[in-house]
Amino acid sequence: MSEKYERMTEQEYMKEVRDLDKLLHDFCEGSDLYSYESVKININTLKDIIVRVHKRKHYFKVFHNAMITSEYKETALYCYWFLKLRPLWIDPDNASLERINEKFALHLYISLLKKYNEDFSEEDGINKLHIRELLYSFRFRDITKESMILMLEPYYYEHLKKADAEF
């Protein structure tokens, strides 16, 4: 049959929380809109997101011939679940601070591209029109987990190609 799913350890969970918190802190530092202290997090929803991503990684391993879950796939899953479950919010009285989940998902997306594609920059890699289109799509369109993965995978293959000329 298939391998039995093993729950995350507390250490694995806390590492994911720390990693996401660092990304949130970086996001807020780079934003003129959000101060880190003003961002509220639904911790139960965040835990749900972390567990869902962990389970999906197991799913890829078991049902897709030991498919490797690259950081690109993992980031795409985090983007999807942040958009779907919306764990972040700001004081609802300030309308200019809405859409934080969409903007944080975009931050995850772009941060990954910058991390592994050294020649990537927001100016060169994704133009402002594309960023607006992504934000609009994140807010109003139905994006599946698989389509989110497919949006990031070309960058993954580009990274592999640079790392291994025979790829």
Side-chain angles (χ1 to χ4, degrees), residues 5 7-61 63-64 69-116 120 122 125-156:
Y5 173 73
R7 293 179 186 254
M8 294 181 84
T9 66
E10 188 65 25
Q11 292 81 11
E12 290 172 318
Y13 169 72
M14 290 310 297
K15 181 189 179 312
E16 289 298 316
V17 168
R18 284 189 302 275
D19 291 348
L20 288 169
D21 186 60
K22 182 186 179 324
L23 285 165
L24 179 61
H25 194 272
D26 293 346
F27 167 68
C28 291
E29 257 184 23
S31 170
D32 294 336
L33 295 174
Y34 310 108
S35 72
Y36 178 75
E37 295 75 27
S38 69
V39 177
K40 310 287 188 263
I41 302 170
N42 182 321
I43 196 70
N44 290 329
T45 303
L46 184 64
K47 182 173 185 172
D48 188 28
I49 289 170
I50 291 169
V51 169
R52 286 172 183 266
V53 170
H54 188 260
K55 286 181 178 180
R56 190 63 165 195
K57 288 166 61 175
H58 177 75
Y59 169 86
F60 285 133
K61 180 179 161 190
F63 294 104
H64 291 284
T69 307
S70 69
E71 193 172 348
Y72 288 79
K73 278 187 178 72
E74 188 172 342
T75 298
L77 291 169
Y78 273 113
C79 288
Y80 172 82
W81 286 114
F82 267 85
L83 296 172
K84 185 80 167 169
L85 299 180
R86 310 180 60 72
L88 306 176
W89 77 94
I90 304 287
D91 178 9
D93 295 334
N94 190 342
S96 68
L97 297 179
E98 64 184 17
R99 297 192 173 94
I100 186 171
N101 289 285
E102 292 85 349
K103 291 176 183 174
F104 183 66
L106 182 65
H107 175 74
L108 292 175
Y109 190 99
I110 291 174
S111 294
L112 178 73
L113 298 180
K114 287 179 179 179
K115 181 177 178 180
Y116 289 107
F120 180 86
E122 288 178 46
I126 296 182
N127 65 36
K128 290 183 189 310
L129 183 59
H130 190 178
I131 288 173
R132 278 199 304 262
E133 185 71 22
L134 280 172
L135 282 172
Y136 181 86
S137 297
F138 286 176
R139 178 71 175 157
F140 297 110
R141 293 193 172 119
D142 294 328
I143 299 177
T144 66
K145 290 180 284 294
E146 291 75 16
S147 62
M148 187 69 77
I149 290 168
L150 288 172
M151 287 178 4
L152 276 170
E153 277 195 325
Y155 297 104
Y156 175 58

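- Within the 4.5 Å cutoff, the side chain of E133 has heavy atoms near those of the R141 side chain.
- What you find for M8 and E12 is that their closest heavy atoms are CA-OE1, 3.2 Å.
- Remark: K47 is positioned above the aromatic ring of Y13, its terminal NZ or CZ atom under 6.0 angstrom from the ring centre and at most 45 degrees off the axis.
- Looking at T45 and W81, their side chains never come closer than 4.5 Å, going by heavy atoms from C-beta outward.
- N101 contributes a side-chain N or O that, together with a main-chain N or O of L88, makes up a donor-acceptor pair within less than 3.5 Å.
- What you find for M148 and A76 is that their closest heavy atoms are CG-O, 3.2 Å.
- A side-chain donor-acceptor contact under 3.5 Å links S147 to the backbone of T144.
- Annotation: side chain of K55 is in contact with side chain of V51 (closest heavy-atom distance under 4.5 Å).
- A donor-acceptor pair under 3.5 Å links the side-chain atoms of T75 to the main chain of E71, judged by distance alone.
- Between the CG atom of L152 and the OG atom of S70 there is a distance of 8.5 Å, given to the nearest 0.5 Å.
- M151 is listed as a side-chain neighbour of L134, based on a closest heavy-atom distance under 4.5 Å.
- Residues F82 and E102 form no side-chain contact, since every pair of their non-hydrogen atoms from C-beta on lies 4.5 Å or further apart.
- Looking at S111 and D26, their side chains never come closer than 4.5 Å, going by heavy atoms from C-beta outward.
- In this structure, a donor-acceptor pair under 3.5 Å is present between the side chains of E16 and Y78.
- No donor-acceptor pair under 3.5 Å is formed between the side chain of S38 and the backbone N or O of Y34.
- By the 4.5 Å heavy-atom criterion applied to side chains, I149 and E153 are counted as neighbours.
- Between I131 and I110 there is a side-chain heavy-atom pair separated by less than 4.5 Å.
- Note: E29 CD to L24 CG = 10.5 Å, rounded to the nearest 0.5 Å.
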